[in-house]
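The next block holds one structure in the form of structure tokens; read it before the comments.
To find a chain, count down the sequence lines: A is the first, B the second, and so on, and within it residues start at 1. Small disclaimer: the values here were computed from a predicted structure and weren't measured.
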Amino acid sequence: MSRYSAAEIEAKWQKAWDEAGIFRAERSRDKPKYYVLEMFPYPSGRIHMGHVRNYTMGDVIARYRLSTGHSVLHPMGWDAFGMPAENAAMASGGHPKDWTYGNIADMRGQMKPLGLSIDWSREFATCDPEYYGQQQALFIDFLEKGLVYRKNAVVNWDPVDMTVLANEQVIDGKGWRSGAEVEKRELTQWFFKISDFSEELLEALDGLENWPAKVRLMQENWIGKSRGIEIPFERTDADDPIICYSTRPDTMRGASFIAISPEHPVSRELAKDKPELAAFIAETRKMDTTEAAMEKAEKKGIDTGITVRHPVWPERELPVWVGNFVLMDYGTGAVFGCPAHDQRDLDFARKYGLEVRNAFYLPGQEKDVETEALVPAKTETVVYIDHFAGVGEATSQEGIDATIDWFEEKGLGTGQVKYRLRDWGLSRQRYWGCPIPVVHCEACGVVPEKKENLPVELPYDEGGTPIDFSIPGNPLDRHPSWRDCKCPSCGAEARRETDTMDTFVDSSWYFARFTAPDADTPTRMEDAEYWMNVDQYIGGIEHAILHLLYSRFFARAMHICGHLPEKAIEPFDALFTQGMVTHEIYQTKDDKGRPVYHLPEDVTDGKLADGTPVEVIPSAKMSKSKKNVVDPVNIIEAFGADTARWFVLSDSPPERDVEWTAAGAEATFKHLARVYRIVSEIAGDTSPANASEDEALAKDMHRAIHDVTGGVESFGFNAAIAKLYGFTNTLAKSGAGAEAKKAAAKVLAQLMSPMTPHLSEELWSVLGGEGLVAQERWPVADEAMLTDDNVTLPIQVNGKRRAEISVPKDMDKAEVEKVALAHEAVARSLDGAQPKKVIVVPGRIVNVVV
RNA sequence: GCCCGCGUGGUGGAAUGGUAGACACAGGAGACUUAAAAUCUCCAGGCCGAAAGGCCGUGCCGGUUCGAGUCCGGCCGCGGGUACCA
């Protein structure tokens, strides 16, 4: 008997699968299809444990479906455009294209030893001109259907580097490289009309039954449907009213000011003659553009000096303020402030000495708001104070509805349904992305490139001179031979659009492209018809909103343009969001108390070489800066892919984070070596049959089939693996005859095969199995073998467990009650008291209530 | 700030509202061995107790229920997202 050599076994079986070509996805008339997809990786250059976990989970599903007789599509590609490639080129010379394709080759090389059941013939990268050319064709189709348009929008502008910054590149309001204070700048940019689909994207969430409820809820909140009202407030100094939007118009009595956005036309107009207002607006332009920064920033405002009339009590004049917290993008860019019923308004009012006036009280608590705003839930009952529509005691929702009705009847306002979801700005002022295929012509305006001229390919150099990425800004802007072109419509001199597309565009339709990666149109209908939808999509929870929402929009838009069948407008039938892989970090503090991280190999017995004690912090997200990255390549070299695969599946439920531990990996290897040993022994066993032992083993085997199958189908991989440990232990100790043991061992090899495919092939062949276990039909549990004649019932007295009885499984309730009450431990704990009630849950529990 | 999660032994975790701690790691005891490694067997939530057994226990406080890790309300801590990181 030889010992378990992962390296040998894994190379051998990967070659066998390759030669048999069993993972090539083929359309089949007589097999059901199954499309399993993991979110494709960004080619950073190294695979990490998170990738191993993600792709192993997908592989378990893909291999399981292969063995249940499906025609499986399990592809892999690269989300290859993006900032890091440009940053690398900026930092160390070189070209984003070379950097990216080099990384792809490296990562493919690191990934292949994992033994994933991927159809590599379908591989593509989003930076392949064949891919982004089709994306440009989609853009032109979207343009034709009115799904894309141009408007102005603000970006982060670095005034020193003269370049647009991503939010990530803005640190504490300053440019990450220049350190200059970042400004907002307005540019004309392209937008997808995703907001036209707000209602549809919201409603369709209900149908996504196999998505996590939390993801659907996050998307629902993101789309943010609200019913409110637009109310014009008459200006005392001018004709045009200021229209405010409110979802809580029932608080109207408490309105004490109105606040408008710094971008509001009225703000701009008034700023012309008011330098201090202009200065305030300029100041707000220095803020981060992120929502988090805006919300957390101190709420500031400035009195414009103008006033408006309260729409219900026109004698009340309300001051108009410009507030840095009012968003121009949402509603009308103007709100009325009701300090008594909104904490932010209250803080604002206290700061600037504005009036605080209640619109309602809580029943029986008639007191005015002082430091804490009274913000009732919509279902909560309040007592309105001289409500104009005569509402007294009512829930807030009733108050809101009555208010909206009253305003509409009087013609003082218009009920409105609004969505928080904004249109998707796709323009990026960067090189390494998909060029937006339009041309700007002085005579014809914005003209789409002709489809026969696609792809509009990124220039690699400029007339043989390499592009210089060390100069900040978009190199396409200073690339005349690419930028200057002829108008596709009139042929006059024109300028190519130099903005490229957001990388979210690339990842919004790749799943569709995988169904026909060689097609000379974005998709090929017959392939899309066969393979769509993705039956199981797997990826990180960090994509719960943007990527998934954009993909849902894209699928709809592609359907409208005839690139996807109607059934594919919700492209992902089932979604699973997996957790991260974490690892402990080794930390000391420098003399200023800042953390310093250390590599594991520099730490011995909790100390550095110089004796400094090191603090060990568990469960930190793996990152280079924290020096806690475990490279899967090292693990595969030391223990083999099967060990890495088994470990990332075994130690935590898939939706939760898993902590990588060296000890855990070693223990996994020992376990796999043990299975190899046990099965090798069984293969040479000749013991005679033993009826009762054979029967007992068979029962355990069917139980294992049942539990492992259930685990694999419901993403209970860790639970499935626990069952496999149990079944291995039973098999090792079983006194059954050789035939029964061999049968059980073959089933063990099959049940393990989605997780440890190489070892399973080896076990299968050692046991004399024919062909590849990867192609073997998945075993089916015999229901009759799963039940026992007797059940063990715990007996509780007042909810505390006191005894246990074993009774026939079909014994009737009265009989069970009798047996339970007769139990000595129950009698002791009753201590002569008469039970008030006895609850018997058949097959579950008995509870005696005293 | 706002939205969404998560919190169970020394550790990772298991548990359709029904015996909390399956399975595994680390640990302890033993077998085998000249010895070590490897392997095998057994023990193991905490406290009290010789044992039988008892009490406590799923982040904290409260509620619903015959029964709550699980459902509801309120806190605390951690994580993800927050529209130009992918």
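- Checking each of A:N87, A:T100, A:T500 against A:W432 for a side-chain hydrogen bond (donor to acceptor under 3.5 Å, both in side chains) leaves exactly one that passes, namely A:T100.
- Spacing between B:U65 and B:U11 at atom P, rounded to whole Å, works out to 35 Å.
- Comparing the C1' positions of B:U64 and B:U70 gives an interatomic distance of 13 Å, to the nearest angstrom.
- Heavy atoms of A:A719 sit nowhere under 4.0 angstrom from any nucleic acid atom.
- Base contact: A:S427 has a heavy atom under 4.0 Å from a base atom.
- Within 4.0 Å (heavy atoms only), A:W222 reaches at least one base atom of the nucleic acid.
- With hydrogens and angles left out, the side chain of A:R420 and the base of B:U82 share no donor-acceptor pair within 3.5 Å.
- With B:G1, B:G81, B:G80 as the choices, the nucleotide that has an atom nearest any side-chain atom of A:M218 turns out to be B:G80.
- Across A:F197, A:F504, A:F192, a single residue satisfies ring pair (Phe, Tyr, Trp, His ring centres under 6.0 Å) together with A:W424, and that is A:F192.
- Checking B:C84 for Watson-Crick or G-U wobble geometry (two distances, each under 3.5 Å) identifies no partner in any strand.
- The gap from the C1' atom of B:G28 to that of B:G80 amounts to 40 Å, rounded to the nearest Å.
- Classification of B:G9 as syn follows from a glycosidic angle within 90° of 0.
- Note on A:K299: nothing from the nucleic acid sits closer than 4.0 angstrom, heavy atoms only.
- Among the protein residues, A:H547 comes within range of no part of the nucleic acid, since none of its heavy atoms lies under 4.0 Å from any strand.
- Comparing B:C55, B:U41, B:U19 by their nearest atom to the side chain of A:R802 picks out B:C55.
- You'll find that the side chain of A:E542 is closest to B:G80, out of B:G80, B:U39, B:U19.
- For A:N729 and B:A24, the shortest distance from a side-chain N or O to OP1 or OP2 is below 4.0 Å.
- Defined by atom type and a distance below 3.5 Å, a donor-acceptor pair is missing between the side-chain atoms of A:N54 and A:E38.
- The number of heavy atoms from other shown groups lying within 6.0 Å of CG (A:D172) does not exceed 12.
- Side-chain N or O atoms of A:S650 include none that pairs as donor or acceptor with a backbone N or O of A:N718 at under 3.5 Å.
- Pair assignment for B:C78 gives B:G5, based on Watson-Crick or G-U wobble hydrogen-bonding distances that are each under 3.5 Å.
- Pairing for B:A68 is absent, judged as Watson-Crick or G-U wobble with the two contacts each under 3.5 Å.
- Across all strands, A:Q189 comes closer than 4.0 Å to base atoms (heavy-atom distances).
- The residue A:K296 sits close to a base: some heavy atom pair falls under 4.0 Å.
- Contacts of A:P653 with the nucleic acid, taken as non-hydrogen atoms under 4.0 Å apart, involve only primed sugar atoms and P, OP1 or OP2.
- Phosphate contact (OP1/OP2 of B:U82, side-chain N/O of A:T290, threshold under 4.0 Å): absent.
- The side chain of A:K837 sits closest to B:C66 out of B:C66, B:U82, B:U19.
- Nucleic acid contact class of A:A544 (heavy atoms, under 4.0 Å, all strands): none.
- A:K800 comes within 4.0 angstrom of the backbone, heavy atoms only, and of no base.
- Straight-line distance between the P atoms of B:U41 and B:C23: roughly 13 Å, to the nearest whole Å.
- Closest approach to the A:Y725 side chain among B:G12, B:C23, B:C4 is made by B:C23 (side chain taken as heavy atoms from C-beta onward).
- Comparing B:G77 with B:C85, their P atoms are spaced 28 Å from each other, to the whole Å.
- Using a 4.0 Å heavy-atom cutoff across all strands shown, A:V849 reaches sugar-phosphate atoms only and no base atom.
- Looking at heavy-atom distances under 4.0 Å, A:I839 makes contact with a base.
- RNA chain B is contacted by both A:A722 and A:N221; A:N221 maps to the nucleotide lying nearer its 5′ end (nearest heavy atom per residue).
- Of the listed nucleotides (B:G18, B:C55, B:G1), B:G18 has the atom at the smallest distance from the side chain of A:V841.
- Relative to the ring axis of A:Y419, A:K225 does not place its NZ or CZ within 45° and under 6.0 Å from the centre.
- Here A:R844 does not reach the OP1 or OP2 of B:U19: none of its side-chain N or O atoms lies under 4.0 Å away.
- With hydrogens and angles ignored, no donor-acceptor pair under 3.5 angstrom links the side chain of A:E655 to the base of B:G5.
- For the C1' atom pair drawn from B:C66 and B:G30, the interatomic distance equals 46 Å after rounding to whole Å.
- Crowding of A:K836 atom NZ: a count of heavy atoms from other residues, nucleotides or ligands under 6.0 Å not exceeding 12.
- Annotation: B:A15 and B:C6 have their P atoms spaced 14 Å apart (nearest Å).
- Of the candidate nucleotides B:U19, B:C84, B:G12, B:C84 has the atom lying nearest to any side-chain atom of A:N156.
- In this structure, B:A37 makes no Watson-Crick or G-U wobble pair, since no nucleotide meets both defining distances under 3.5 angstrom.
- Considering only the side chain of A:F504, B:A86 comes nearest among B:A86, B:G18, B:A83.
- Comparing B:C56 with B:G74, their P atoms sit 29 Å apart, to the nearest whole Å.
- By the 4.0 Å N-to-carboxylate-O rule, A:D423 lies too far from A:K193 to be salt-bridged with it.
- Base pairing annotation: B:A26 forms no Watson-Crick or G-U wobble pair, as no partner gives both donor-acceptor distances under 3.5 Å.
- Contacts of A:Q429 with the nucleic acid, taken as non-hydrogen atoms under 4.0 Å apart, include base atoms.
- The separation between A:L165 atom CG and B:C85 atom C1' is 13 Å, rounded to whole Å.
- Of all nucleotides present, only B:G46 satisfies the Watson-Crick or G-U wobble test against B:C55, with each distance under 3.5 Å.
- Among the protein residues, A:L421 comes within range of the nucleic acid bases, having at least one heavy atom under 4.0 Å from a base atom.
- Within the 3.5 Å criterion, the main-chain N or O of A:T730 finds no donor-acceptor partner in the side chain of A:S734.
- Along RNA chain B, the nucleotide nearest to A:T503 and the one nearest to A:N847 differ in position, and the one closer to the 5' end is contacted by A:N847.
- A 3.5 Å limit on both hydrogen-bonding distances identifies no Watson-Crick or G-U partner for B:G21.
- For B:G7, one of the phosphate oxygens OP1 or OP2 lies less than 4.0 angstrom from a side-chain nitrogen or oxygen of A:R656.
- Looking only at atom types and distance, the side chain of A:W190 has a donor-acceptor partner in the side chain of A:E497 under 3.5 Å away.
- Remark: A:R674 is in phosphate contact with B:C40, judged by side-chain N or O atoms under 4.0 Å from OP1 or OP2.
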